[in-house]
Protein chains: 2
Amino acid sequence: MKNTLKVQRAIKNLTQAELAEKAGVTRQTINYIEIGKYIPTTVLSLKLAKVLGKPVEELFILEKGD
Amino acid sequence: MKNTLKVQRAIKNLTQAELAEKAGVTRQTINYIEIGKYIPTTVLSLKLAKVLGKPVEELFILEKGD
DNA sequence: ACTTTTTGTCAAATATACTTTACTTTTAGT
DNA sequence: ACTAAAAGTAAAGTATATTTGACAAAAAGT
């Protein structure tokens with residue numbers, strides 16, 4: 001699964017730390033998700049979608065292997 | 001977080017086992033998610049959304065405590 | 001009532017999300 | 001070049017998602 005977090009963050013002009021705070025997780029969690037090391041739970045992806053103003057499907061995209 | 005899986009399954013006339021198979025997980029996983037015992041990963045909720053033909057936000061809804 | 005399908009549940013094992021703390025590297029601003 | 005902010009990374013610990021196998025309860029079909 002790939003994601004567009006970096007771009008969406010840029011659009012909203014948010015740092016990883018700021019996004020983390022708004023989503024209620026740590027900065028490292030956001031960093032790892034952005035890099036693809038972690039797959040977030042659905043609760044977290046819904047929160048990120050809410051904060052970033054985009055549907056989950058625009059933030060996270062399934063890939064071949066998934 | 002609450003979910004509408006049971007209703008969506010009914011609309012598509014799918015058993016838990018059938019939905020599980022289409023999503024590539026076990027029947028127990030679907031059962032636990034439906035009952036609220038498990039929060040699925042984003043990969044799984046995207047797959048469920050795909051199979052059920054509804055956006056993630058319609059299948060899973062954030063609640064107060066989340 | 002009987003049988004079959006579907007759903008609920010449990011326990012043990014494995015994988016991985018998330019936290020905390022801390023340090024390094026990169027980027028941006030002056 | 002210097003400084004500060006932002007992003008990347010890592011290890012250890014905790015929590016929880018998912019699997020497997022198996023059985024009980026409930027629902028549906030005949």
Side-chain angles (χ1 to χ4, degrees):
Chain A
M1 187 186 72
K2 64 177 176 177
N3 73 81
T4 64
L5 286 185
K6 201 169 181 175
V7 173
Q8 306 299 337
R9 261 199 317 111
I11 293 175
K12 289 272 181 179
N13 201 35
L14 292 170
T15 66
Q16 291 182 346
E18 288 167 341
L19 179 56
E21 207 253 327
K22 284 174 186 286
V25 291
T26 64
R27 183 180 68 79
Q28 285 80 348
T29 296
I30 296 296
N31 184 249
Y32 284 146
I33 291 170
E34 205 164 297
I35 294 169
K37 276 198 167 188
Y38 286 163
I39 294 170
T41 62
T42 300
V43 166
L44 182 47
S45 58
L46 284 173
K47 286 182 185 172
L48 291 172
K50 193 175 180 181
V51 170
L52 295 170
K54 291 282 166 75
V56 173
E57 280 85 350
E58 270 185 55
L59 302 185
F60 301 99
I61 297 115
L62 286 176
E63 288 180 305
K64 297 260 173 77
D66 298 326
Chain B
M1 187 185 73
K2 63 177 177 176
N3 73 81
T4 64
L5 286 185
K6 201 169 181 175
V7 173
Q8 305 299 337
R9 259 198 319 110
I11 293 175
K12 288 273 182 177
N13 201 36
L14 292 170
T15 66
Q16 291 181 347
E18 287 167 342
L19 179 56
E21 207 252 327
K22 283 175 186 285
V25 291
T26 63
R27 183 181 66 79
Q28 286 82 344
T29 296
I30 296 297
N31 184 249
Y32 284 146
I33 291 170
E34 205 164 297
I35 294 169
K37 276 198 167 188
Y38 287 164
I39 293 168
T41 63
T42 300
V43 166
L44 181 47
S45 57
L46 284 172
K47 285 182 185 172
L48 291 172
K50 194 175 181 183
V51 170
L52 295 170
K54 291 282 166 74
V56 173
E57 281 84 351
E58 271 186 53
L59 302 185
F60 301 99
I61 297 116
L62 286 177
E63 287 180 305
K64 297 260 172 75
D66 297 325

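Quick note: numbers below take in every heavy atom, side chains included, and nothing from hydrogens, waters or symmetry partners. Throughout, a chain's letter reflects where its sequence line sits, starting with A, and its residues are numbered from 1.
Judged purely by atom type and a 3.5 angstrom limit, B/Thr42 uses its side chain to pair as donor or acceptor with the backbone of A/Pro40.
The base of D/dA6 lies outside donor-acceptor range of the side chain of A/Arg27, with no N or O pair under 3.5 Å. Not a single donor-acceptor contact under 3.5 angstrom links the side-chain atoms of A/Tyr32 to the base of D/dA7.
How far CG of A/Asn3 is from CD1 of A/Ile33: 8.0 Å, rounded to the nearest 0.5 Å.
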In a table with atom names and distances, give each donor-acceptor pair under 3.5 Å that connects a side chain of residues 46-55 of chain A to protein atoms at least two apart or in another chain.
residue, atom, partner, partner atom, Å
A/Lys54, NZ, A/Gln8, OE1, 3.2

Cut-off 3.5 Å, no hydrogens considered: what does the side-chain donor-acceptor table look like for residues 59-66 of chain B, sequence neighbours left out?
residue, atom, partner, partner atom, Å
B/Glu63, OE1, B/Met1, N, 3.3
B/Asp66, OD1, B/Met1, N, 3.1
B/Asp66, OD2, B/Met1, N, 2.8
B/Asp66, OD2, B/Glu63, N, 2.7

Can you give me every donor-acceptor pair (side chain of residues 14-21 of chain B, partner residue at least two apart or in another chain, under 3.5 Å) with its distance?
residue, atom, partner, partner atom, Å
B/Thr15, OG1, B/Ala17, N, 3.4
B/Thr15, OG1, B/Glu18, N, 3.0
B/Gln16, OE1, B/Asn31, ND2, 3.1
B/Gln16, NE2, B/Glu34, OE2, 3.4
B/Glu18, OE1, B/Thr15, N, 2.8

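The interatomic distance linking A/Gln28 (CD) with D/dA6 (C1') rounds to 12 Å, in whole Å. At whole-Å resolution of the value, CD in A/Glu21 and P in D/dA6 are 13 Å apart. One atom, NZ of A/Lys6, and another, C1' of D/dA7, lie 8 Å apart when rounded to the nearest Å. Here the P atom of nucleotide D/dT16 and the CG atom of A/Leu44 are 15 Å apart, to the nearest Å.
Sorted by residue number, the list of members of residues 7-16 of chain A with any non-hydrogen atom under 4.0 Å from DNA chain C is empty. A heavy atom closer than 4.0 Å to some atom of DNA chain D occurs in A/Ile35, A/Lys37, these being the qualifying members of residues 35-42 of chain A. Using a 4.0 Å cut-off on heavy atoms, none of the residues of residues 46-63 of chain A approach DNA chain D.
B/Glu57 meets the salt bridge (charged side-chain N to carboxylate O under 4.0 Å, His left out) test with no other residue; sequence neighbours excluded. Every residue was checked against the side chain to side chain donor-acceptor pair (under 3.5 Å) condition with B/Thr41, not counting sequence neighbours, and none meets it.
When side chains are defined from C-beta on, B/Leu44 counts as touching B/Thr29, because their heavy atoms get closer than 4.5 Å.
Counting Ile, Leu, Val, Met, Phe, Trp and Tyr side chains that sit under 4.5 Å apart, directly or through other members, B/Ile35 stands alone, with no cluster partners. In the hydrophobic clustering (ILVMFWY side chains linked at under 4.5 Å, chained through shared members), A/Val7 is joined by A/Ile11.
The footprint of chain A on DNA chain C, defined by a heavy-atom cutoff below 4.0 Å, extends from C/dA17 to C/dA22.
In the helix from C/dA1-D/dT30 to C/dT30-D/dA1, the terminal helix axes, each the rotation mapping four pairs' C1' atoms onto the next four within five end pairs, subtend 70°, rounded to 10°.
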